[in-house]
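Since the structure comes first, as structure tokens, the remarks are kept for the end.
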Amino acid sequence: MRADGAVAEDGRRVRVRENGMRRSMHVVGRTLWAILAATAISLGIARAPALAGDPDPTRWGEVLAEARGQTVYWNAWGGEPRINGYIEWVGGELARRFGVTLVHVKLGDTGEAVSRVLAEKAAGTIEGGAVDLIWINGENFAAMKRNGLLLSSWAEGLPNYALVRADRNPAVRSDFTVPVEGQESPWGRAQMVFFHDTAEMADPPRSMAALLDWARANPGRFTYPRPPDFLGSTFLKQAVIELAADRAALYRPVAEADFAAVTAPLWAFTDRLHPLMWRGGRAFPQSGAELRRLMGDSEISIGFAFNPAEASAAIANKELPDTVRSYVLEGGTIGNIHFLAIPFNAAHKAGAMVVVDFLLSPEAQARKQDPAVWGDFTVLEVAALDAADRALFDRLALGVATLTPAELGAAVPEPHPGWMEAIETEWTRRYGVQ
């Protein structure tokens, strides 16, 4: 979810996680981003200016005093009611505890916020920007870092960052292979899981090859969200990682690889799979929420999500039958961390830091991990917390369909961020107009 949330955008890259908005909005955002990126390059503004007076998170008392009375505009994907409800709770706590007002600027595409910050920089707006905080990861983070749009060297100075224990969890210092370097703070973990109804199917397919064989025997019973929905794009990345002859190429910039050769097995797979899918592959659900509904309505037999607690939350909400269970593929499934970033020209940097630090608190992280609230896994090193804080996590009922960390296994790393956009573009060329 995300940075797609999940999540971003989630999401994860959170840009379009379970995004129900029209694809045209995404295309417009992409076009605007390309124009603005070219403008940034032509103006030679790839490095953000250092601003005197930026708050210092190691002087936390001063940050708290400066933040009081500020209104923080948090640009975050707004397509999932559970996540929106959690953010609303966060806003209430921030107002009560710290005197900070939180405004959730609900995005359908995280690229909208990225483009806004880049446009401000191109126009010379180096202070008082409209975006104070962004839920982000993947290609959006890479683009902001490349163009010097992020506040630097702040994240690891937050008081609650110590609870992440980055020394034990080095993954929090990398975002889709791109070093974070203190320019964003981890917020949650996600990993792709599949789920099926055990009353209907005892042994689900656990590889892409097995899925294709299963689809031949069960036509019309599988589908995936239409890219560039984050979840649909993640399914394609999962497939290309499993099927590619040169997997190592996926962890280098796409420009350094033979894209056609690396992805040829993926397109051979989708060419065979699509005619066997729901509606013959001529239509696709627009979001993860719609995919969940299709499974709940017994139109398909296999679902998937980028949140290990998704099926349990759906069972609790009566969206799926209580016989549904989660599973992962042989060889593992893609996982990532989603982050929070502060633009270099944010108007309310102290307030944004207070928001992020609260989101890293054991209380906020445990509430977020509760499937009844959201189900997004914590980035804290729970074993290193004190007894009272560990208890917040120990008493969580994660749900009957939530896999344990041992059952999830090690997450497969995300490819380099450029691969997602390149795969989405080629998918649209091949299948987008039917």
Side-chain angles (χ1 to χ4, degrees), residues 1-34 37 77 79 107-112 114-115 136-143 175-178 192 208 223-244 249-255 257-271 273-274 277 281 283-288 290-291 304 306 334 336 414-434:
M1 283 262 92
R2 28 198 244 232
D4 86 12
V7 321
E9 303 276 228
D10 354 245
R12 318 212 255 248
R13 180 179 68 164
V14 180
R15 188 188 61 192
V16 287
R17 184 176 300 167
E18 296 192 2
N19 175 17
M21 296 182 67
R22 298 186 305 275
R23 287 186 66 252
S24 59
M25 289 296 292
H26 181 80
V27 174
V28 169
R30 277 271 174 84
T31 303
L32 177 60
W33 168 253
W77 180 70
L107 303 177
D109 182 336
T110 303
E112 298 165 21
V114 178
S115 297
I136 197 168
N137 70 355
E139 70 177 51
N140 287 309
F141 168 70
D175 186 344
F176 284 50
T177 77
V178 178
M192 190 179 193
M208 293 298 162
T223 189
Y224 61 89
R226 172 185 288 274
D229 174 86
F230 178 79
L231 188 58
S233 298
T234 300
F235 174 77
L236 296 177
K237 288 189 294 181
Q238 179 72 39
V240 76
I241 287 172
E242 180 177 327
L243 300 170
L250 296 165
Y251 295 95
R252 300 189 296 269
V254 65
D258 184 338
F259 177 81
V262 173
T263 59
L266 170 65
W267 309 125
F269 168 75
T270 51
D271 283 348
L273 179 65
H274 284 184
M277 295 199 319
F284 295 81
Q286 297 299 309
S287 66
E290 187 176 345
L291 185 73
F304 56 93
F306 208 61
I334 288 177
N336 68 35
E414 289 273 7
H416 191 276
W419 284 91
M420 177 175 268
E421 182 171 352
I423 288 171
E424 289 171 349
T425 299
E426 178 62 13
W427 187 97
T428 300
R429 187 188 72 80
R430 288 172 174 266
Y431 310 116
V433 179
Q434 299 187 29

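Below, all heavy atoms of this structure are taken into account, side chains as well, without hydrogens, waters or symmetry copies. The shown structure was predicted, so the numbers you read here are calculated from the model rather than taken from an experiment.
- Applying the side chain to side chain donor-acceptor pair (under 3.5 Å) rule to Thr223 yields no partners; only residues at least two apart in sequence or on another chain are considered.
- Here the shortest heavy-atom pairing between Ile423 and Leu266 reads CG2-CD2, 4.2 Å.
- Atom CG of Leu250 is separated from atom OG1 of Thr263 by 9.0 Å, given to the nearest 0.5 angstrom.
- Interatomic distance, Ser287 OG to Phe230 CZ, rounded to the nearest 0.5 Å: 14.0 Å.
- Not a single salt bridge (Lys or Arg N to Asp or Glu O under 4.0 Å) links Glu242 to another residue, sequence neighbours left out.
- Taking the ring-ring contact (aromatic ring centres under 6.0 Å, His included) definition, one finds that Phe141 meets it with nothing, sequence neighbours left out.
- A distance of 8.0 Å separates CZ in Arg226 from OG1 in Thr428, rounded to the nearest 0.5 Å.
- The heavy-atom pair separating Phe306 from Glu414 by the smallest distance is CZ-OE2, 3.8 Å.
- A heavy-atom distance below 4.5 Å is not found between the side chains of Glu290 and Phe284.
- The NZ atom of Lys237 sits 4.0 Å away from atom CZ of Phe176, with the distance rounded to the nearest 0.5 Å.
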*asked:* Between Ile241 and Tyr251, is the side chain to side chain contact (heavy atoms under 4.5 Å, CB included) condition met? List the steps.
replied: CA-CA 10 Å; Ile241 287 172; Tyr251 295 95; 3.7 Å; yes

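- Here the closest non-hydrogen pair linking Ser233 and Glu424 is OG-OE2, 2.6 Å.
- For Pro253, the side chain to side chain contact (heavy atoms under 4.5 Å, CB included) criterion is met by Glu256, His416, not counting sequence neighbours.
- When the ring-ring contact (aromatic ring centres under 6.0 Å, His included) test is applied to Phe259, the partners found at least two apart in sequence or on another chain are Trp419.
- For the pair Ala257 and Ala249, the tightest heavy-atom approach, listed with the atom from each and the gap, is CB-CB, 4.1 Å.
- To the nearest 0.5 Å, the span separating CZ on Phe235 from CE on Met208 amounts to 4.5 Å.
- In this structure, Thr234 and Ile334 approach most closely via the heavy-atom pair O-CD1, 4.0 Å.
- For the side chain to side chain contact (heavy atoms under 4.5 Å, CB included) test, residues two or more places apart in sequence or in another chain that qualify with Ala142 are Arg146, Val178, Pro417.
- With a 4.5 Å cut-off on side-chain heavy atoms, Leu243 and Trp267 do not count as touching.
- Every side chain to side chain donor-acceptor pair (under 3.5 Å) that Thr270 has, sequence neighbours left out, goes to Tyr431.
- For the atom pair CD of Glu139 and OG1 of Thr110, the computed distance is 10.0 Å after rounding to the nearest 0.5 Å.
- Considering only heavy atoms from C-beta on, Leu291 comes within 4.5 Å of Phe304 through its side chain.
- The side chain to side chain donor-acceptor pair (under 3.5 Å) check on Glu426 picks up Arg429, Arg430, with sequence neighbours excluded.
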